[in-house]
Structure formats: structure tokens, C-alpha cells
Amino acid sequence: MSVSEIPDHLDYGLSILFIGFNPSLRSGETGHHYANPRNNFYRILHRAGLTPRLYDASEDRELLKLGYGFTNIVARPTRGIDDIDRSEYAEGREILRAKLAEYRPQIACFVGKGVYTQYSQKSKLDWGFQKEPVITEIHEFVAPSSSGLVRMPMDEIIAIYRQLAEYTRGT
């Protein structure tokens with residue numbers, strides 16, 4: 001099966017736009033976001049209260065109905081982030097800023113500190129909502145990567161994502 005870029009799931013009026021580094025090779029093969037079976041993305045969303053049930057990567061487009069979209073800072077699928085070069089990040093940063101400026105989601109959720117660092121060019125940041133967003137009209141949220149390689153305990157990851165659920169529910 002060939003590996004190719006996967007389409008963004010974007011729309012106007014999104015509650016949350018989830019932004020990853022780039023698609024995995026498995027995502028490139030299937031055409032779905034967070035499709036690697038070792039990726040915990042959909043389990044995290046469900047356990048954090050962001051989705052009413054556990055979704056599968058093949059249902060990623062269905063999350064648009066919940067107000068959630070998907071994009072990446074780099075569109076090209078790779079085995080890992082070490083396969084991405086600086087020029088791809090520079091180009092991706094500009095493309096991402098243009099997408100955010102056009103679609104204006106309520107929250108831009110960066111799935112991984114490294115994603116936000118590449119986007120914002122800031123080196124000091126904490127989990128959660130950022131005090132000084134790059135685009136002031138959009139709430140920028142930094143969440144842990146959902147990769148199965150992340151060493152942070154799952155309960156801590158879910159607690160950070162739960163902040164998104166509480167914010168979107170107004171609690």
C-alpha cells in the first residue's frame with residue numbers, strides 16, 4: 001500500500017482543532033489520523049470525556065460532527081519526527097498559521113510540546129492553555145503526545161486532556 005498525505009479535517013466553527021507533528025506511516029497508508037494501533041489518541045479523548053464513546057481511527061471524519069478537526073504541522077507521513085527537516089517545519093509553520101487564521105477554531109490543541117515549540121518558536125511552555133498565544137483570538141492548548149512511546153503515566157495525560165473537556169463544557 002502506498003503512503004501519502006492524509007487530508008485535513010477542517011471546518012469553520014470548530015471547538016477544537018487537534019494539531020499533530022505529522023502523520024505516521026500507518027496513517028498515510030489508511031488515510032486516517034492517529035491510525036497507528038499503538039497511538040492512544042482516541043482512547044485518551046474518550047477517557048478524558050471529550051467523546052461520548054470510543055472512536056476508531058477509521059471514524060476520524062465523524063469527529064467533525066463533535067466540533068473537532070485534525071491537521072498537522074507537517075503533512076508528509078514519516079516513520080518518526082527525526083525524519084522531518086527544518087525546512088519542512090518552517091513551511092508547515094506558515095501553512096498552519098494560515099489555516100488557523102482562516103478557520104479560527106475556538107481552541108488549537110497541539111498534540112505534543114514539540115509540535116507547539118515548532119509552531120510558536122517558544123522554548124519555555126507548560127501543559128494546558130498558553131498565556132501568550134501566537135494568534136490572540138485562538139486559545140492555544142498544549143497536550144501530551146498520544147504516541148505509545150510517551151513515558152508519562154496515562155492518568156496524567158488524561159487529566160491534561162480533561163481540561164479541554166471541562167473548558168468546552170464550561171465547567
Side-chain angles (χ1 to χ4, degrees), residues 1-12 14-42 44-45 57 60-61 63-64 68-152 154 156-157 160-161 163-164:
M1 186 176 268
S2 67
V3 177
S4 58
E5 292 182 8
I6 59 174
D8 289 335
H9 297 329
L10 294 171
D11 202 355
Y12 297 97
L14 290 173
S15 298
I16 303 172
L17 177 59
F18 291 99
I19 303 159
F21 263 113
N22 74 311
S24 67
L25 293 177
R26 180 77 179 141
S27 288
E29 292 168 356
T30 64
H32 296 288
H33 294 269
Y34 302 98
N36 186 318
R38 291 181 302 282
N39 195 296
N40 294 304
F41 183 77
Y42 298 100
I44 291 167
L45 293 191
D60 58 354
R61 194 151 188 81
L63 274 76
L64 279 169
Y68 304 152
F70 297 102
T71 192
N72 294 286
I73 194 163
V74 173
R76 181 176 66 90
T78 64
R79 183 174 313 283
I81 60 171
D82 293 338
D83 298 329
I84 302 169
D85 65 45
R86 285 206 289 237
S87 66
E88 287 179 288
Y89 282 125
E91 180 183 0
R93 183 179 311 116
E94 296 310 311
I95 292 169
L96 179 56
R97 286 183 181 155
K99 289 175 189 176
L100 289 170
E102 179 177 350
Y103 288 96
R104 301 216 173 262
Q106 183 179 5
I107 300 167
C109 177
F110 295 84
V111 183
K113 277 187 178 179
V115 180
Y116 190 72
T117 299
Q118 288 296 333
Y119 165 75
S120 69
Q121 301 289 279
K122 297 176 184 177
S123 57
K124 299 273 188 193
L125 55 124
D126 293 315
W127 299 120
F129 289 101
Q130 301 304 296
K131 291 178 177 57
E132 297 178 19
V134 174
I135 298 176
T136 55
E137 302 83 25
I138 297 173
H139 299 288
E140 294 174 354
F141 188 91
V142 177
S145 169
S146 57
S147 168
L149 300 174
V150 171
R151 297 194 196 295
M152 181 183 288
M154 185 58 71
E156 287 181 33
I157 294 170
I160 292 166
Y161 279 83
Q163 294 174 42
L164 283 174

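Being a predicted model, the structure only gives us computed values, none of them experimental. Positions are given from 1, in the same order as the sequence printed here.
- Applying the salt bridge (Lys or Arg N to Asp or Glu O under 4.0 Å) test to E137 and every residue at least two apart in sequence or in another chain returns R104.
- In this structure, CD1 in I19 is found 11.0 Å from CD1 in I107, a value given to the nearest 0.5 Å.
- Across all non-hydrogen atoms, the minimal contact from L100 to P105 is CD2-CG, 3.8 Å.
- Atom CD1 of residue I44 and atom OH of residue Y34 lie 9.5 Å apart, to the nearest 0.5 angstrom.
- Between the E132 side chain and the Q130 main chain, no donor and acceptor come within less than 3.5 Å of each other.
- Side chain of Y116 to main chain of K122: no donor-acceptor pair is present (N/O by atom type, distance under 3.5 Å, no hydrogens or angles).
- Between the side chain of R79 and the backbone N or O of L25 there is no donor-acceptor pair closer than 3.5 Å.
- Every residue was checked against the salt bridge (Lys or Arg N to Asp or Glu O under 4.0 Å) condition with E102, not counting sequence neighbours, and none meets it.
- With hydrogens and angles ignored, the 3.5 Å screen pairs no side-chain donor or acceptor of K99 with any backbone N or O of L10.
- For R76, the side chain to side chain contact (heavy atoms under 4.5 Å, CB included) partners at least two apart in sequence or on another chain are V74, T78, E88.
- With sequence neighbours excluded, no residue forms a side chain to side chain contact (heavy atoms under 4.5 Å, CB included) with R86.
- The two residues C109 and A143 make their nearest non-hydrogen contact at SG-CB, 3.9 Å.
- Contact between I73 and F21 at its shortest, heavy atoms only, is CG2-O, 3.2 Å.
- Side-chain contact between Y42 and S146 is absent, with no heavy atoms from C-beta onward closer than 4.5 Å.
- R97 pairs by the salt bridge (Lys or Arg N to Asp or Glu O under 4.0 Å) definition with E94, not counting sequence neighbours.
- A donor-acceptor pair is defined here as one N or O able to donate and one able to accept, closer than 3.5 Å; no such pair exists between the side chain of E140 and the backbone of T136.
- With sequence neighbours excluded, the residues that form a side chain to side chain contact (heavy atoms under 4.5 Å, CB included) with I6 are P23, S27, H33.
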